[in-house]
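By convention in this document, chain letters (A, B, ...) are assigned in the order of the sequence lines, proteins followed by strands, and residues within each chain are numbered from 1. Since the structure is predicted, the reported quantities are computational estimates derived from the model, not experimental observations.
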There are 2 protein chains.
Amino acid sequence: MKTYGQYCAAAKALDVVGDRWSLLIVRELLNQGPCRFTDLKYGLPGIPPNLLSSRLRHLESAGVVERRAEPPPVATTLIHLTGMGRELEPVVHSLAEWGVRFMATMAPGDVFRSQWLGFPVSLYLNDREPHGQDFTIKVDTGDRPAYIEVRDGSVRLRLETMAEPDLILSGAPDIVLGLLSGHLSLSQGVASGLEVSGPTALLDRIVPGYAATSLG
Amino acid sequence: MKTYGQYCAAAKALDVVGDRWSLLIVRELLNQGPCRFTDLKYGLPGIPPNLLSSRLRHLESAGVVERRAEPPPVATTLIHLTGMGRELEPVVHSLAEWGVRFMATMAPGDVFRSQWLGFPVSLYLNDREPHGQDFTIKVDTGDRPAYIEVRDGSVRLRLETMAEPDLILSGAPDIVLGLLSGHLSLSQGVASGLEVSGPTALLDRIVPGYAATSLG
DNA sequence: CGGCATCCTCTTTGATACTG
DNA sequence: CAGTATCAAAGAGGATGCCG
C-alpha cells in the first residue's frame, strides 16, 4: 500500500497495518498464538495465499511479526508476534468491541472459527462467584470445539481439548453468541436449535443478565 | 470493499471502517468536529475527491457519519459523526498510540496539519500543577496555528485563534513534537531551529521529563 | 502435505480535469 | 463549494502449479 504521507501517528500506524487483511492476521496471532502458515490461512477464510504471503513479508519487515524455525517435534517455522505486534492488542480489541454491534445476526455465507469467541468471552463473561468451584464449558459450533474455562475467578477461552467439561453447548455460532452475551435466554436459544447438556445453573455464574432472562 | 464474510466482531468492524482512508476521515471529524467537504479534504492531504465522496456515502449509509444542512451563517451542509461514529474514538486513539513510535523523524514529503497535534497533547501532556495559573501556548508549525490551553488542571488543543498566548513555539512539526514528547530538550530543539518566545518555565508544567532534560 | 509463486481477471486507487 | 468524469496504474481475488 502506498503510504499516506502524513506526519500523524494514526496515519503512520495505518501505513503499517492498514492494508486489507493485516489487522486480521494480527487478530489470529493474538487469538491462536504462534501459527504455521496453514493455521493462519485456516483462521483467515477467504484470503488468497499469495496475499497472506505478501502481508507476512510486509509485517515481518516492519517488525510486527517474526518467523522462528522451531525445533522438533514442531519441525516447521512458526510465525510469532513481536513485542511491537502484541502492542496492537488494544487496537484489535477496540475494533472488536466496536464491531460487536454487527453480530446480532449472522449474514448468510458468513464463516465462523472457534477462536473468534475469544472477544465475546473477554468482553461479556466474568465470574460472579470468584471463590466457587472451577468448571469448564465445551462449546461446539461446527468448527473445532472451544472451551470456556472458569478458574480462579477468571473466565478464559481455551482451544486445546479439555477433558470432561461440566457443560456442553452446541449450536449455531450466532445462537451461542446470543446466549453468552445475554441477548438470548436459554429457552430462546433452545428454541433456535441450541443443545445444552449439563447443569445449566453454571451459566448463571458467568453470563450477563442470565438471572433476569432465565426468569422471563 | 468486499466484506470479509467472517462472523467475527473485528472483521465486521473492518467491513465498515477498514477501507483505505475511512479511519482517517473519522480521525478528522474527531479532531476538528463537524466539517465541510472542503475542510475534510484539507485535513486528508492526498485523498482524491471522488474517494472522499465515495467513502462519505459509505460511512453515511453505515450510520457512522451524517450530513446536516446548517442554518445561516454557515450556509452549507456539515458532516457530523453520529454517536456510533464517536464510539470509534478508542479505535483511532489506540492506533495513534501505537503509531507514535514512527514519529521520531519526519519522512521527506510528509505533510502536517495542526489538528494532528491533538494525539500527542492528550497522550503526553498533563498539568503537574493543577492549581497553578491558566496559560496558553501558541504552536506554529507552518500550518495554521494551534493553541495548547492549560486550564483548570487539564491540557487541551484548541484550533481557534486565542488572544495573547503566554508562550509561542515555532518550528518544524517533528521538532515541536520532540519537545512536547520530552524526547528533545529545549536546547536541542533550539539547535534544530525551534524558536521560542516567552517564559519557557511554563513548559515545565506540562512536558514529560522536562525537568530532567533541561538539566542535562 | 506445508509454504508459497504464477497467471489472469476484475476492482480500486490516484491524479487530473471539469461542472452545477 | 461540493462534488462528478475520465483514465492509467496498482492491487485484490480466485485458480492452479511447483517443490521440498
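To the nearest 0.5 Å, atom CG of residue A/Leu56 and atom CG of residue A/Leu29 are 8.0 Å apart. Put simply, CZ on A/Phe135 and CD on A/Glu149 are 10.5 Å apart, with the number rounded to the nearest 0.5 Å. Taking CD from A/Glu195 and CG from A/Leu169, the interatomic distance works out to 10.5 Å, rounded to the nearest 0.5 Å.
B/Arg57 and B/Ser61 are not linked by any side-chain donor-acceptor pair at a separation below 3.5 angstrom, with hydrogens and angles left out of the test.
Among residues at least two apart or in separate chains, there is no salt bridge (charged side-chain N to carboxylate O under 4.0 Å, His left out) pair with a member in residues 40-55 of chain B.
Of all heavy-atom pairs spanning B/Trp21 and A/Gln6, the tightest one is CZ3-NE2, 3.7 Å. Closest of all the heavy-atom pairs between B/Asp143 and B/Asp140 is O-OD1, 3.9 Å.
Taking B/His93 as the reference, B/Phe119 meet the ring-ring contact (aromatic ring centres under 6.0 Å, His included) condition, with sequence neighbours excluded. Partners of B/Asp110 according to the salt bridge (Lys or Arg N to Asp or Glu O under 4.0 Å) rule, which considers only residues two or more places apart in sequence or in another chain, are A/Lys12.
The phosphate of C/dA5 has OP1 or OP2 within less than 4.0 Å of a side-chain N or O from A/Arg57. OP1 or OP2 of C/dA5 sits under 4.0 Å from a side-chain N or O of A/Ser53.
Running 5' to 3' along DNA chain D, contacts with non-hydrogen atoms of chain A at under 4.0 Å begin and end at D/dA12 to D/dG14.
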Reading nucleotides 12-20 of chain C 5' to 3', which nucleotides get B (base under 4.0 Å from a protein heavy atom), which S (sugar-phosphate only), which -?
-SBBBB---

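Rounded to 10 degrees, the angle separating the terminal helix axes of the helix from C/dC1-D/dG20 to C/dG20-D/dC1, each built from five base pairs, is 30°.
In this structure, the NZ atom of A/Lys41 is 8 Å from the P atom of C/dG2, given to the nearest Å.
Between B/Arg113 and B/Glu28 no salt bridge is recorded (no basic side-chain N to carboxylate O distance below 4.0 Å).
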